[in-house]
Amino acid sequence: MTSVLTRPASAADGRAQPVVFERDLDVLSNDPVNGEYMRLVLAAPREMLDLCRAGQFFNLLCPSLGGETPYLRRPMSIYGFYPERGELHFLYKVAGAGTRALAQLRAGDALNVMGPLGQGFRIDDDWQRLVLVARGVGLATLAPLALEANRLGRHLTAICSARHPDLLMSIDYFRELGAEIIPVTDAEGTSSLEHLEQVIEERIAGPGIDAFYTCGSNRLLTLLQRIGKRHGIPGEIALEQQMACGLGMCHCCVRPFRKGDKTVQLRVCREGPVFDIQEAMPW
Amino acid sequence: MTSVLTRPASAADGRAQPVVFERDLDVLSNDPVNGEYMRLVLAAPREMLDLCRAGQFFNLLCPSLGGETPYLRRPMSIYGFYPERGELHFLYKVAGAGTRALAQLRAGDALNVMGPLGQGFRIDDDWQRLVLVARGVGLATLAPLALEANRLGRHLTAICSARHPDLLMSIDYFRELGAEIIPVTDAEGTSSLEHLEQVIEERIAGPGIDAFYTCGSNRLLTLLQRIGKRHGIPGEIALEQQMACGLGMCHCCVRPFRKGDKTVQLRVCREGPVFDIQEAMPW
Amino acid sequence: MVDLSVDIAGLTLKNPIMPASGTFSEELAEVFDIECLGAHVTKTITRGLRDGNPTPRVCEVGSSMLNSIGIPSKGVGAFLDKVVPFYQAYETPLVVSISGNTADEFARLCSEVTVEGVAAIEVNISCPNIEEDGKAFAIRPSSTYDVMQKLRAATHLPLWAKLTPNTGETPEVARAAQEGGADALVVANTLLAMAIDIRTRRPKLGNLMGGLSGPSLKPIALRMAYQCAKSTTIPVIGCGGISTAEDVIEFLIAGATAVQVGTATFINPTAMVTVIAELERYLEREKLSSVRDLIGTLIDEEQKEGVVFMEAAP
Amino acid sequence: MVDLSVDIAGLTLKNPIMPASGTFSEELAEVFDIECLGAHVTKTITRGLRDGNPTPRVCEVGSSMLNSIGIPSKGVGAFLDKVVPFYQAYETPLVVSISGNTADEFARLCSEVTVEGVAAIEVNISCPNIEEDGKAFAIRPSSTYDVMQKLRAATHLPLWAKLTPNTGETPEVARAAQEGGADALVVANTLLAMAIDIRTRRPKLGNLMGGLSGPSLKPIALRMAYQCAKSTTIPVIGCGGISTAEDVIEFLIAGATAVQVGTATFINPTAMVTVIAELERYLEREKLSSVRDLIGTLIDEEQKEGVVFMEAAP
Ligand SMILES: Cc1cc2nc3c(=O)[nH]c(=O)nc-3n(C[C@H](O)[C@H](O)[C@H](O)COP(=O)(O)OP(=O)(O)OC[C@H]3O[C@@H](n4cnc5c(N)ncnc54)[C@H](O)[C@@H]3O)c2cc1C
Ligand SMILES: Cc1cc2nc3c(=O)[nH]c(=O)nc-3n(C[C@H](O)[C@H](O)[C@H](O)COP(=O)(O)OP(=O)(O)OC[C@H]3O[C@@H](n4cnc5c(N)ncnc54)[C@H](O)[C@@H]3O)c2cc1C
Ligand SMILES: Cc1cc2nc3c(=O)[nH]c(=O)nc-3n(C[C@H](O)[C@H](O)[C@H](O)COP(=O)(O)O)c2cc1C
Ligand SMILES: Cc1cc2nc3c(=O)[nH]c(=O)nc-3n(C[C@H](O)[C@H](O)[C@H](O)COP(=O)(O)O)c2cc1C
Ligand code: FES
Ligand code: FES
């Protein structure tokens, strides 16, 4: 069993069926989680949340607020989805016009979202011991994996990297979900590639690792590709790229991937954002 | 003596001196005055108000609010200016994007204004009995004339025309300033050109009229031109035209005027918005 | 009940709203039932495989965008095998957009896509003509005429010629396209533009330059649609910055028979659905029985003929 | 202290910020001291009297505008008597913009404005050439070259050629202008566009069409400025949609030596003053001692030469 979103097969008449929502959702809260990040909580309908999978994203129509006039939608990973509570969460870093506008949303405002989009993380039936390695806002993308692992009864270790212990996010969240945490920080000198490699190798030698998950960073990608190859451990990476449509129509979000001895261009919004870690190409 | 704004003569070095302000002003209030009109009261500095003259206008940078994104500035006549109270008033009708945005301003918001601009009304020393004839939002332009007449100790009669008695604005204002009011309305059948002509002719025959003031309407213009010619009574009209710069730079706001036997194009923002009533051309 | 149908060179569309090439694909059917559209227009393909341009391929400029996707193509074989059959499930006419870097290759592709299930061929002559100086065919009347003649000979299907705004000779190019055999004109493609990231001092697009689309393009495309309607006798399909029913009405009044919606779908994936519904409501409100009553109704008699064709700064 | 001065074909400007022709006049001196500008550029004049176009002459389109002022002109006599003397009170160089409907009339005016007090002549070759088909001189390289040669022969003053965006041949036109004798290029004038009032079904401009200016034009003008800087060896003065110091920096990085600010002054009459101050602060922050260190610093080596000159939809 995998938790990849299998899009509904074409209906009897051969036509595709609508499975992507475009909706105005109410903002429940939008608060800073630490100096650099904000958590946005939206009220979402059950049928939308039921389609969500860890690793998928939404394309947000950031409002024109406070002099910011973002035009294109902005892609944001699902940070959390709670069908029972009717909540959809995003965790974002304020970067440019779009996220500055997002940051001004208040409870009661509406935000137009489109999604869920893309392919989520795969958790094969025999992947029991999962390890995620992430840094900064990348944790937003990997967080729902913890929820999923918990639901499926898998053991998850989260190696969380940050500049400074204060900036370590989501640790409590991971811990609540029963994940084991290994924090590493620049400030404590524990986040170097060498140290990370050592930590992971010890773990492989000890309890063992069935699959890796990471996102975003080139450094982590090459490290995990190397370790994965060495030990034959599969893995997945969530990638980013500039997007326009978020649906697969415009082909602006491509990245190169190794497929056998060929390089193919795949759409991050459609074939991704989650890809096989060995097929991803360092940039 | 005239109350036309004489722009400061060039300074000693031959250079023009700054006399037009561009400023963010605080909104003191912005309330409906009747179904169709809003009055905007801004806090303005003394040095700006001291330059204002009846008949002049400001070019307002309407904000981007509530989904409206007006781009060019919008010209608005000075409805009232009170150097002692530090207030600048506008009276406007909600028409399109710019005025819809204006209507959303709340006390405490800022509004960027540029002005005062253009040439105000002339009140020659021997013009004792003034008559203004106006309809609708045109009253906004003529209202400060009442203030000026009052200050100069002249007698003012305001013939105020509207669709319906409820829509008659500024009557109380005119009355407070000692003006005599003649209301005419469509609903009561008193606003026809014939009736107006009769009212004015009676007045000329009685106490006499030294000067007419009007604005905007083609019907009123031709009526007053005819009566003015017949009796040799001078007059002025405030005109409107689409504007971009408001200063005289772009030449988009021209209208044709009769100067002797020639037709000349004059800039409403610069040579106007107030013009000699006999030189104005019906449109 | 108002009648939204229009006729483009013998092809009846149930309404005048269709997607612009490159901003539409099978995936949009996951958001709404695309049967509601006037036509389905596919992304331009070339005969052979192509990768497209380097990333980033898109950036925002004000309230519009630049793209330099290029024309990544899986080739005509894959297109006929996978894409054409997908659209067979719909009754909406399928319009296939094609392109080529030489007139002969272009014409060959044109005959290859002349297959069952394709209702019309949109020929993207805004692409570079590499046999000459790399300028788009549709920049000059002569190269427009030449390529259209070859394309005309290659198919019996209706040919829609897609023009470029990167020219100072729109009326002449439009006439050349008609004379060369175009059955309709799509007006227009994106306008060459650029943006720079001042922090990195690099172009915001991997390809250096890209095409402007979205609201900024609208007044330019509208002017071109009007010029084309005035200077030819074939239907004009307006395209450029259209995102609301008011925009559509503006193009129809200017003389367009139908319109394409591009970038607006990225911002609002259901933009076309909304536009169709609002267009219908507008006609009802205005008591017009057919959308065709709007076409070419601009009151322009007072204008000098010369103005239409001049192309100088006003 | 950072150095803001730039050199345009032998003329030193104290800073690279000047107004665009037609968006500036003596009246702006009533808002701020115009001595702070890099140059004073006057509204285009023609030899004889002209009325300009019918009203309305301006309308809003999105966050930009269209104008069809035309070139109302009081003639060269009034200009020399009244306008030139006004600017003598300033040390800022005076640049006079001229235009003509035939090359000979244009050249005659060029020699007539070659007077004491005029530092350079901006030749608005984006105006219609009525001896040919009414297209602007600057639409084609050949007409550009011809008119520039006549203008060159008519004056010893620096000649700035103002190009039009209504062309698919920007690099060729730029080269033709240089070969014809231009000392600098102003890039660019407004782009032909249109807007319709759907309520009245009339064009929003009395002249039917007009020129697009403001933010929508920026990515197009920036692309042209870059192409011109790449294809000629004379200074380029960027113009189109510039309203902030960031916009200026984008144009300088693209290769412009100076810039003109037009429509932004209508929105914010002190825009140029703010831009100069912010440009200075930016240089300080970036620890650049001269604004000239920015010019042409775009990192574009990875781009194929061909891309620069291609002019096709990407
Ligand atoms: C699949 C996916 C999931 C993401 N999830 C998250 C998340 O959970 N939390 C988070 O903080 N960020 C996330 N990002 C990055 C996020 O999309 C950008 O930070 C955001 O778009 C920046 O917008 P801006 O207007 O604030 O910045 P600007 O720099 O002003 O944006 C300018 C343009 O560049 C695009 N852009 C800028 N940075 C990125 C980026 N890293 N990836 C793609 N496009 C970018 C913007 O979308 C916009 O079109 C994700 C990106 C992708 C592709
Ligand atoms: C000198 C002068 C003084 C004015 N004084 C007043 C006043 O005191 N109160 C008042 O309510 N109105 C006044 N007007 C008219 C006012 O400027 C317009 O109602 C306003 O610009 C409409 O803007 P909008 O965005 O709401 O409408 P829209 O119709 O969306 O405006 C579109 C464009 O047309 C222009 N425009 C629309 N109507 C007019 C008009 N009548 N005159 C000039 N430009 C116009 C706008 O400025 C804008 O650029 C005056 C106009 C002028 C020229
Ligand atoms: C991402 C993107 C890709 C495009 N690809 C194509 C294409 O392959 N072929 C084509 O003829 N036009 C293409 N276009 C141009 C559009 O079809 C349309 O002409 C243009 O975007 C203007 O319309 P709009 O402003 O509504 O987007 C593309 C536009 C965009 C934004
Ligand atoms: C109202 C107006 C009048 C203009 N008149 C002229 C003119 O007389 N001569 C000229 O060369 N350009 C003229 N232009 C074009 C500007 O100089 C400038 O090239 C163009 O507006 C683009 O710059 P912007 O986007 O900063 O306005 C005019 C522009 C506007 C908006
Ligand atoms: S963002 Fe359009 S295809 Fe991925
Ligand atoms: S509005 Fe510019 S000259 Fe009057």
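We name chains A, B, ... by the order of the sequence lines, and we start the count at 1 in each one.
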Check your understanding: Heavy atoms under 4.5 Å from chain D: which residues of residues 259-268 of chain B carry them?
Key -> B/Gln265, B/Arg267

Check your understanding: For B/Leu25 and B/Ala44, which heavy atoms make the closest approach, and how far apart are they?
Key -> CD1-CB, 4.0 Å

Revision key, fill the gap. With sequence neighbours left out, the residues meeting salt bridge (charged side-chain N to carboxylate O under 4.0 Å, His left out) with B/Arg135 are B/Asp186

Review point. Does any heavy atom of chain D fall under 4.5 Å from the side chain of B/Leu61, the backbone, both, or neither of them?
Key: side chain

Practice item. Could you tell me whether the side chains of B/Tyr92 and B/Asn30 share a donor-acceptor contact shorter than 3.5 Å? Key: yes

Got a list of side-chain donor-acceptor pairs under 3.5 Å for residues 264-273 of chain D, not counting sequence neighbours?
unit_1	atom_1	unit_2	atom_2	d
D/Asn268	OD1	D/Thr270	N	3.2
D/Asn268	OD1	D/Thr270	OG1	2.9
D/Thr270	OG1	B/Glu22	OE1	2.5

Check your understanding: Should D/Lys82 and D/Glu26 be marked as a salt bridge (charged side-chain N to carboxylate O under 4.0 Å, His left out) after you check the CA-CA gap, both sets of side-chain angles, and the distance that decides it?
Key -> CA-CA 10 Å; D/Lys82 303 226 178 90; D/Glu26 299 89 293; over 6 Å; no

Point to revise | Worked check of side chain to side chain contact (heavy atoms under 4.5 Å, CB included) between B/Phe90 and B/Arg74 | key: CA-CA 12 Å; B/Phe90 297 98; B/Arg74 303 304 200 246; over 6 Å; no

Study note, to complete from the structure: Whatever's closer than 4.5 Å to a heavy atom in chain B on D/Glu35 counts as side chain

Check your understanding: Looking at B/Gln242, B/Arg73, B/Arg255, which one has more heavy-atom pairs under 4.5 Å with chain D than the rest?
Key -> B/Arg73

Study note, to complete from the structure: From the list D/Pro56, D/Pro72, D/Pro19, D/Ser64, the residue making the most non-hydrogen contacts under 4.5 Å with chain B is D/Ser64

Review point. Most heavy-atom pairs under 4.5 angstrom with chain D, which of B/Cys245, B/Ala244, B/Cys252, B/Gly246?
Key: B/Cys252

Check your understanding: Considering residues at least two apart in sequence or located in another chain, which fulfil the salt bridge (charged side-chain N to carboxylate O under 4.0 Å, His left out) criterion with D/Arg199?
Key -> none

Practice item. Scan side-chain atoms only and decide if D/Thr44 and D/Asn124 contain a donor-acceptor pair under the 3.5 Å cut-off. Key: yes

